[in-house]
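As structure tokens, the structure follows; a few thoughts come after it.
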Amino acid sequence: MLRKILIANRGEIALRINRAAHELGIETVAIFSEPDRESLHVRFADEAFCVGPGPVARSYLNIPNILSAALISGADAVHPGYGFLAENARFAEICADHGLTFIGPAPDVIAKMGDKATAKALMHDARVPTTPGTGILSDVGAAVHAARKLRYPVMLKATAGGGGKGMRVVREPGELEHAYATAQAEAEANFKDGRLYLEKLIERPRHIEVQVLGDTFGNVVHVGERDCSVQKPSHQKLIEEAPASELAPATRERLHDIALSAARAVRYTSAGTLEFLVAGDDVFFMEMNTRIQVEHPISEVVHDVDLVREQIRIASGEPLSFAQQDLTTRGHAIECRINAEDPSQNFAPAAGTLSDVALPGGFGVRVDSHIYAGLQIPPYYDSLLAKVVAHGATREEAIRRMDSALAETRIGGVHTTADLCRSVMRDERFIRGGVSIDFLEAFAAPAISGS
Amino acid sequence: MLRKILIANRGEIALRINRAAHELGIETVAIFSEPDRESLHVRFADEAFCVGPGPVARSYLNIPNILSAALISGADAVHPGYGFLAENARFAEICADHGLTFIGPAPDVIAKMGDKATAKALMHDARVPTTPGTGILSDVGAAVHAARKLRYPVMLKATAGGGGKGMRVVREPGELEHAYATAQAEAEANFKDGRLYLEKLIERPRHIEVQVLGDTFGNVVHVGERDCSVQKPSHQKLIEEAPASELAPATRERLHDIALSAARAVRYTSAGTLEFLVAGDDVFFMEMNTRIQVEHPISEVVHDVDLVREQIRIASGEPLSFAQQDLTTRGHAIECRINAEDPSQNFAPAAGTLSDVALPGGFGVRVDSHIYAGLQIPPYYDSLLAKVVAHGATREEAIRRMDSALAETRIGGVHTTADLCRSVMRDERFIRGGVSIDFLEAFAAPAISGS
Amino acid sequence: MDWELILERARRAAEFCASSGLARFRVEEDGLEIEVRRAPRSERAPSAQTGAPASALPSTNGIRASEARPLSIVRAEFVGIVRLARPAVSEGAEVGGDRELAYVESLGIRNPIRASAPGRVVAVHVSDGEAVEFGQALFAIEPQ
Amino acid sequence: MDWELILERARRAAEFCASSGLARFRVEEDGLEIEVRRAPRSERAPSAQTGAPASALPSTNGIRASEARPLSIVRAEFVGIVRLARPAVSEGAEVGGDRELAYVESLGIRNPIRASAPGRVVAVHVSDGEAVEFGQALFAIEPQ
């Protein structure tokens, strides 16, 4: 088993990893930026190193200082969490070069899956159904030609993309040129890679993803699916649930099977997620995330599996602690992301100092959070304050429990998404289940537009 | 189903009841004392009434104002929580007289079980094994006579007692007279009932209790046992776990069977607990608590049953939502009570204003708490700040998870029991399991004595 | 702590503040916090402007507030439904010290509410038939 | 604490405040917090304007620090192991602006640490071979 893990992250996921490590008897090393000095992830780790000032490029992405902290402290592994360096194949390689175990899949798998067009081609070869689309486009002319063949509406996507950035829906030929230019500029700005490809737009799909785990012995299991269709207009997830509701048993099984064969095709190790668009019984592979995801807790509570612990075990060279047939699905879980954002201002991030913090608790409620009253939310990082998970014997019970938990979620000092999430819990369409990814936009249009 | 419940309590249990009611679609009415005006239980209820000033006799025990609040608000039921009016048979009767459903067992059952000597006699008749002992003692002379027959060491107990008050261990005849006087005075002061009885002292027993539930259709189930042997010198529980470790399967089964027959003997309805002293394979009935208990969450998480919801359902005239054979035991759970107390000053309660509150969370951790940074802890009430529950697949996992959770429990402004609980999680004897009720005294002797 | 003692301390703090030329003076000790802040010159009582001896300065807002007569607030002791007396006492009415202003009906019992001292009713905070909680302000009376 | 003692301390704080030209002075110690803030000149009482002689100044670190030139703190930019230059610069040494005081070894690379300005080394905060983090103070230099 590993002895000491450097946690190359901050916020709630740093705490999550810290817990999993400590429960395994593994020491932890935190890194932090100057404005994060008072953060809980710094206080709860066994050691901590400041690695730079606030801006991410100089701290949480500062590979030399992070590696140096790992080596000085005698860590034998690095857990990247999500975001930051989690899907940076080069970082995973450098870790290996310095004798550090990167807690994640192999660098070449990260690289292949991180390039969306490459991943899609790879999955296509593995007979995983993918959205009809192109490879990397040479220029806007190629895009015009391809879009005509795919038939409008189509979707432009950055091959290095993520988090909804570098993505544009194009409904008519006249929109394509402008969309190409702006998507390319956005991708260039965000990922330093402006390459785009084109896909047929699937109308009103659901976003359903399958959690997989693979160990170094070739064992691969899935840990069920998650429905993440309640997304902000930017396609960032806001509310997730497991299992997906209103899904035909055959479709569910197909998703699981596809995910397993996809993971096997790339000899996947560690925790990963295959994201699909689902429209009726049609299933299209979108992308694979080669990291632990924000919404992993809902899979944990319904399947009673500690995914971060499995990641650490796998990285330690241990086999998976369970087989596929050991897994059962116990009820239903919902996660709401409580972000420091103003839903009425198009989810503009809100910086500030938190006052009056009260987070929910009790039977069937799990909270993953790093906040406390007095915490200053720096402007540099993502706006996630807390993940509230409600677990119930049925979906209805989970919804009611979440409603009650959100009523108890009091965070003063910044705008949050708590009230919006609560409105969703009381919405008839959401309660009926099976909403598509445009749900929130339609639901919260008045709130989101600020009127 | 009930429509509106007045919650005749405060603190974490008031929040617990509020949640259960809201999840059932039932409205809630909070009551509060003047110093509790800013409490979360007041903020989260649908309505709230101040019923008096800080001292409990004038607020949380102020029956006229509490009943009046229930009637004015149109509540159809009262949930007493634990403590305060929870085991007050007269209050339960008055509720009925005013057309309010008291969420608990029938008044006559509360009365019978509340009088320890009567309860013991009743249980003896129901062939429940009880500690050898006497009925109510007429005077100290009777005590001297009875003690000689029982053989020393013996234990003096107040028949109206609870929470370790009015209890005295007597090891030699010479100690009896003084012990009698002080126990009587303590009982008189605390319960307005100075009557005492005598029991044979069971040396180094464990405190194991069985959770039962009975509905109005005559169905009675047990929800497993809890080991509450880690107690303060005052015999107040500090750490509990479910199931009990190091217990012979036959003894465990016997405890469950005895609990079921005891509950059936009194036609028990609602949630209740039968407390036993266990020494080796010997099992002695101590008392029955006719209410929900502080430590109920550990039974909830290992059996996946919402006990407070069952209470409400039963009071609504619904049958139990499950049968005995539906229950499974899923792993192991431990609860630590984080009290505002100074373990180095014999657990003296600490009043003050809380600063710097951070409570743990994440996988397998449940927190029941009403605290937040800035909360003033009034001197009038019990010192419970938070119940931290860690759940794991095994006892070892639960202990490690608790250790990690306690490391994350930061409460500034008052002394707490968190560090002491953490030391227990790291103690070899505790880790081995099956400690007796004198464990903590021996364990923490240096800390407790203040040296 | 005794309120007299607090006011005595505040008075001395105010004197000290004035005589040392301070704008603000704050002491916090064992949960008691006293802060005095001198009013800007323009707001000071005339006596201050004339340059009266520092010791005579009524130099804090708190002290100025005490020049007004404190109101006597009549509060509910019982949770119940308030029933105003008939004819109802209205704002401006002069009442005797034993005048029943209303009663609070609680569990069928009428609990009378009386003026604590003779004076003038300056505010009626409740309406007839309203539910009231413990400590709720019902009437404000300016004592005669 | 005795209230007399508190006022006595506050009096000295006020004097100190006036004589040092400070606008505000706060002391917090063992649960006692005293804060004084001088009124703007126009509002001051005559007695305070005369001030106390400078010799009556209670000499605290804070005062001496504020009299002195601000120190220049040399900090680590890299996480690594600090290696002091040989011969090591010690407290009191005069250093030039480009003098290499130490280097931080990070991933096998030597990152030199130089004095930011010529001056006198008043503190060496690290020892040779110590692990340092980003922003950690290594040396304090009093500029010439």
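Since we're looking at a predicted model, the values are computed, not measured. Chain A is the first sequence line, chain B the second, and so forth, proteins listed ahead of strands; every chain is numbered from 1.
For the atom pair OH (A/Tyr372) and CG (B/Leu359), the distance works out to 14.0 Å, reported to the nearest 0.5 Å. Note that CG of A/Leu24 is 8.5 Å distant from CD of B/Glu397, once rounded to the nearest 0.5 Å. To the nearest 0.5 Å, the span separating CZ on A/Arg410 from CG on B/Leu40 amounts to 8.0 Å.
When the candidates B/Glu12, B/His22, B/Arg16, B/Arg43 are compared by the number of heavy-atom contacts under 4.5 Å with chain A, B/Arg43 comes out ahead. The choice from B/Val305, B/Ile399, B/Val308, B/Ile371 that makes the most heavy-atom pairs within less than 4.5 Å of chain A is B/Val305. The residue among B/Ser404, B/Ala373, B/Pro360 with the most heavy atom pairs within less than 4.5 Å of chain A is B/Ser404. Options B/Arg400, B/Arg366, B/Met402, B/Glu396 differ in how many heavy-atom pairs under 4.5 Å they form with chain A, and the most are formed by B/Arg366.
Both the backbone and the side chain of A/Asp306 come within less than 4.5 Å of a heavy atom in chain B.
By the neighbour-count criterion of 12 heavy atoms within 6.0 Å, atom CD of A/Gln324 is densely surrounded, having more than that number from other residues, nucleotides or ligands.
In summary, A/Glu23 and B/Arg401 engage in a salt bridge, as defined by a charged side-chain N under 4.0 Å from a carboxylate O.
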### Query
Yes or no on salt bridge (charged side-chain N to carboxylate O under 4.0 Å, His left out) for B/Arg19 and A/Glu408, after CA distance, side-chain angles and deciding distance?
CA-CA 9 Å; B/Arg19 278 170 200 142; A/Glu408 293 184 21; 2.8 Å; yes

### Task
Evaluate the criterion side chain to side chain contact (heavy atoms under 4.5 Å, CB included) for residue pair B/Phe363 and A/Asp304; output intermediate values, then yes/no.
CA-CA 9 Å; B/Phe363 187 68; A/Asp304 214 1; 4.0 Å; yes

